[in-house]
Asker: 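Below is one structure. I have some questions about it.
Heavy-atom basis, side chains included; hydrogens, waters and symmetry copies ignored. This chain uses plain numbering: 1 for the first residue, then up along the sequence.
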Amino acid sequence: QQEDRQRQMARLARLEALERQVDEEAGYTPAEVEERSAERRQRAAAEGLVLADTHAGSGQRKGAHPLAVALCILGLVTVIGLGTAAYLADIPLLIARASTTATATPASVTGGPTAGPTTGPTAQAAGVNTQAAAATNTPAAKPAITPTVAQGQAKPANTPPAAKPTEPAAKPTAPAAKPTEPPAQPTVPPTAPPATPLPPTIASQDGVQMLLVAGGRFLMGEDGDASTGPKHPVDLPPYYLDLTEVTNARFAKFVSEAGVKPRGDWRAFFDAANFDPTFYDVERGEHPVVNVTWNDATAYCQWAGKRLPFEAEWEKGARGDDGRRWPWGNEPHPEFANIENNTEGEPDTKRVGSFPRGASPTGLLDMTGNAREWTNSALRTYPLTDPFAGTDGAGSRVTRGGSWLSLPTSIEVTRRLAEPVDTAAKDLGFRCAVSADQATRR
């Protein structure tokens with residue numbers, strides 16, 4: 001009995017070595033191999049002891065039943081999850097070895113009294129034949145024992161073992177987020193090339209130099225006077241104004257070339273036959289023309305390809321954008337203009353441009369003094385919502401600027417007078433204007 005137990009233990013040791021080899025070839029780490037081996041030993045011992053304890057009351061020896069050992073081996077091998085046919089071939093050999101042990105101790109199978117170990121040629125032959133049959137792996141050599149498979153146990157050796165548990169399929173990889181396209185850049189309209197600056201000066205058809213008055217906003221009027229207030233902003237497009245007032249010589253050329261007869265007696269201060277040399281200079285060609293009506297002035301400007309300035313255009317040309325009171329600034333300087341008390345001898349017109357210190361911010365000369373000037377505007381109350389409106393059919397027009405007859409207290413550029421369109425006065429002349437787009441064809 002002691003020898004049987006030793007042989008049985010030797011077989012179990014060989015089975016344990018075989019199972020460890022299977023685990024190692026299956027790719028388990030040494031630590032996993034040890035853990036699985038320990039689990040198998042515990043299960044085999046537990047089930048072997050249960051079977052042994054079942055027969056303890058019959059006086060049988062206490063030990064692992066060969067059939068239980070075989071069943072344990074089958075369950076353990078199946079749990080291993082072998083995936084190759086080479087390992088399947090070893091399973092019948094394990095069962096055969098277990099059957100050899102069962103043959104040596106038939107009492108464990110029959111449940112009868114212990115007969116002791118069977119020896120002799122028959123037992124040896126049976127063992128040899130059984131081993132040979134197991135080695136050849138033929139059906140005839142399999143033992144007649146057909147173990148009953150309990151629920152949860154491994155299948156018999158002749159049933160292909162379950163495939164190795166398939167590892168859970170990898171979770172489908174979420175499609176990579178489509179790269180966010182950068183937000184479309186707002187379409188920037190092509191920048192127009194900068195406009196060519198307007199020329200600061202131009203020469204008109206009558207040979208007069210004209211200066212540019214830039215477009216934009218300026219302050220018009222002056223508070224404190226019912227005729228000039230309130231002060232208010234006015235926007236104007238760019239335009240050109242004559243540098244000086246139209247002279248007698250240029251007006252005479254117009255009369256000669258256009259074949260017109262002016263309504264005003266403009267020659268009273270130009271023709272030597274009609275004036276007293278005691279009071280007037282015989283060389284008056286470069287003095288501003290006076291004694292001309294609004295219609296005479298309009299006809300001349302049209303002949304020269306221009307027009308009379310509107311009231312707002314005249315005032316902006318005289319005071320600029322800063323709202324000054326006089327062309328030269330905000331301090332009264334009557335000596336900067338040809339007015340009544342600023343002349344040697346008798347007051348009279350003087351050559352245009354004789355007072356350069358009185359120039360306006362734009363550079364225009366004689367915007368106050370020498371001669372008052374016709375404009376194209378009818379007299380309207382302030383503020384002006386449209387500086388170019390209210391002119392058609394008007395019987396009177398606004399005149400601007402002091403004259404050689406004006407007092408120092410009445411030459412501010414904001415002062416306004418209105419005259420009937422057929423008035424011809426010895427201190428009333430004009431200058432012309434033209435819109436920038438018309439002058440430059442832009």
Side-chain angles (χ1 to χ4, degrees), residues 203-211 240-309 314 317 337-340 342-356 358-359 364-376 397 399-406 417 419 421-434:
S204 57
Q205 296 179 19
D206 59 352
V208 175
Q209 183 182 12
M210 304 187 76
L211 301 186
Y240 290 89
L241 278 177
D242 286 348
L243 173 63
T244 63
E245 298 148 329
V246 175
T247 64
N248 284 315
R250 296 189 186 282
F251 195 82
K253 183 179 181 181
F254 154 69
V255 172
S256 175
E257 293 184 2
V260 298
K261 183 178 180 180
R263 298 183 182 184
D265 190 11
W266 66 278
R267 295 176 65 88
F269 292 92
F270 177 67
D271 188 357
N274 296 312
F275 71 86
D276 184 347
T278 305
F279 299 103
Y280 301 104
D281 184 5
V282 294
E283 299 293 331
R284 302 181 63 86
E286 295 304 314
H287 286 224
V289 64
V290 291
N291 264 341
V292 290
T293 65
W294 181 86
N295 291 310
D296 294 337
T298 299
Y300 175 92
C301 289
Q302 291 176 348
W303 169 78
K306 301 180 280 189
R307 59 174 172 78
L308 286 174
W314 190 98
N338 179 26
I339 57 178
E340 183 180 24
N342 189 32
T343 182
E344 295 178 3
E346 293 295 329
D348 189 10
T349 59
K350 295 188 181 301
R351 292 172 61 91
V352 295
S354 297
F355 294 83
L364 300 172
L365 300 174
D366 298 327
M367 292 299 286
T368 189
N370 217 8
R372 285 188 296 134
E373 301 176 14
W374 286 108
T375 73
N376 205 23
R397 304 290 170 150
T399 63
R400 287 301 199 101
S403 74
W404 58 277
L405 290 176
S406 298
L417 295 175
E419 299 281 1
V421 294
D422 57 356
T423 297
K426 60 183 179 181
D427 66 338
L428 183 55
F430 67 97
R431 74 179 71 212
C432 300
V434 64

Asker: Considering only NZ, NE, NH1 and NH2 on the basic side and carboxylate oxygens on the acidic side, decide whether Asp348 and Arg284 come within less than 4.0 Å.
Answerer: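 Looking at Arg284 together with Asp348, the answer is yes, because their closest N to O distance falls below 4.0 Å.
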
Asker: So which atom in Cys301 and which in Leu308 form the shortest heavy-atom distance, rounded to 0.1 Å?
Answerer: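 Minimum heavy-atom contact is SG-CD2, 3.9 Å.
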
Asker: Enter the distance from Asp422:CG to Thr293:OG1 here, rounded to the nearest 0.5 Å.
Answerer: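 It comes to 7.5 Å.
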
Asker: Might you point out which heavy atoms bring Leu365 and Ala359 nearest each other, and give the distance in Å?
Answerer: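 Closest approach of Leu365 to Ala359: CD2-CB, 3.7 Å.
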
Asker: Does Arg431 reach the main-chain N or O of Asp242 with its side chain, forming a donor-acceptor pair under 3.5 Å?
Answerer: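 Yes, because the side chain of Arg431 sits within donor-acceptor range (under 3.5 Å) of the backbone of Asp242.
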
Asker: When rounded to the nearest 0.5 angstrom, what distance separates CD in Glu286 from CD in Glu245?
Answerer: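 If we round to the nearest 0.5 Å, Glu286:CD and Glu245:CD are 12.0 Å apart.
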
Asker: Is there a side-chain contact between Thr423 and Trp374 (heavy atoms, below 4.5 Å)?
Answerer: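 Result yes, sub-4.5 Å side-chain heavy-atom pair found.
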
Asker: If you round to the nearest 0.5 Å, how far is NE2 of His287 from NZ of Lys350?
Answerer: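 Atom-to-atom, Lys350:NZ and His287:NE2 are 7.5 Å apart.
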
Asker: Does Asn376 offer a backbone N or O that forms a donor-acceptor pair with the side chain of Trp294 under 3.5 Å?
Answerer: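 Side chain of Trp294 to backbone of Asn376, a donor-acceptor pair under 3.5 Å: no, none is there.
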
Asker: Of the non-hydrogen atoms in Gly429 and Val292, which two are nearest, and what is the gap between them?
Answerer: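 Closest approach of Gly429 to Val292, heavy atoms only: CA-CG2, 4.4 Å.
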
Asker: Return the minimal non-hydrogen interatomic distance between Ser406 and Ile339, and the atom names on each side.
Answerer: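 Heavy-atom minimum between the residues: O-CB, 3.4 Å.
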
Asker: Spell out, as yes or no, whether a donor-acceptor pair under 3.5 Å connects the side chain of Arg263 to the backbone of Asn295.
Answerer: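 Not confirmed, Arg263 side chain does not pair with Asn295 backbone.
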
Asker: Contact between Leu241 and Pro309 at the side-chain level, heavy atoms closer than 4.5 Å - yes or no?
Answerer: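 Heavy-atom side-chain distance check passes, below 4.5 Å.
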
Asker: Would a 4.5 Å heavy-atom cut-off, applied to side chains only, mark Phe254 and Asp206 as touching?
Answerer: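 No, their side chains stay 4.5 Å or more apart.
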
Asker: Who are the side-chain contact (heavy atoms from CB on, under 4.5 Å) partners of Val434, not counting sequence neighbours?
Answerer: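 Val434 satisfies side-chain contact (heavy atoms from CB on, under 4.5 Å) with Ile202, Met210, Tyr240, Lys306, Gln438, Ala439 once adjacent residues are dropped.
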
Asker: So do the side chains of Gln205 and Trp303 get within less than 4.5 Å of each other, counting heavy atoms only?
Answerer: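 No, their side chains stay 4.5 Å or more apart.
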
Asker: Considering residues at least two apart in sequence or located in another chain, which fulfil the salt bridge (charged side-chain N to carboxylate O under 4.0 Å, His left out) criterion with Arg397?
Answerer: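 With neighbours one apart ignored, the set is empty.
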
Asker: Could you tell me which non-hydrogen atom of Val290 sits nearest to which non-hydrogen atom of Asp427, and how far apart they are?
Answerer: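 The answer is CG1-C, 4.0 Å.
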
Asker: How long is the span from the OG1 atom in Thr368 to the CD atom in Glu373, to the nearest 0.5 Å?
Answerer: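 Reported to 0.5 Å precision, the distance equals 9.0 Å.
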
Asker: Can you measure from CZ (Arg351) to CG (Asn338) and round to the nearest 0.5 angstrom?
Answerer: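 It comes to 13.5 Å.
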
Asker: Heavy atoms only: give me the nearest Met367-Gly317 pair and the separation to one decimal.
Answerer: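 Smallest heavy-atom distance, with atoms named: CE-C, 4.2 Å.
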
Asker: Is there side-chain contact between Trp404 and Lys426, with heavy atoms separated by less than 4.5 Å?
Answerer: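 Counting from C-beta outward, Trp404 and Lys426 do come under 4.5 Å.
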
Asker: Ser256 side chain to Lys253 main-chain N or O, any donor-acceptor pair under 3.5 Å?
Answerer: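 Such a contact is absent between Ser256 side chain and Lys253 backbone.
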
Asker: Find the distance between CG (Leu405) and CG (Leu428) and round it off to the nearest 0.5 Å.
Answerer: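 CG of Leu428 is found 11.0 Å from CG of Leu405.
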
Asker: Can you check side chain to side chain contact (heavy atoms under 4.5 Å, CB included) on Val255 and Tyr300, steps first, answer last?
Answerer: CA-CA 8 Å; Val255 172; Tyr300 175 92; over 6 Å; no

Asker: Report yes if some heavy atom in the side chain of Phe430 is under 4.5 Å from a heavy atom in the side chain of Val289; otherwise report no.
Answerer: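 The answer is yes; the side chains approach within 4.5 Å.
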
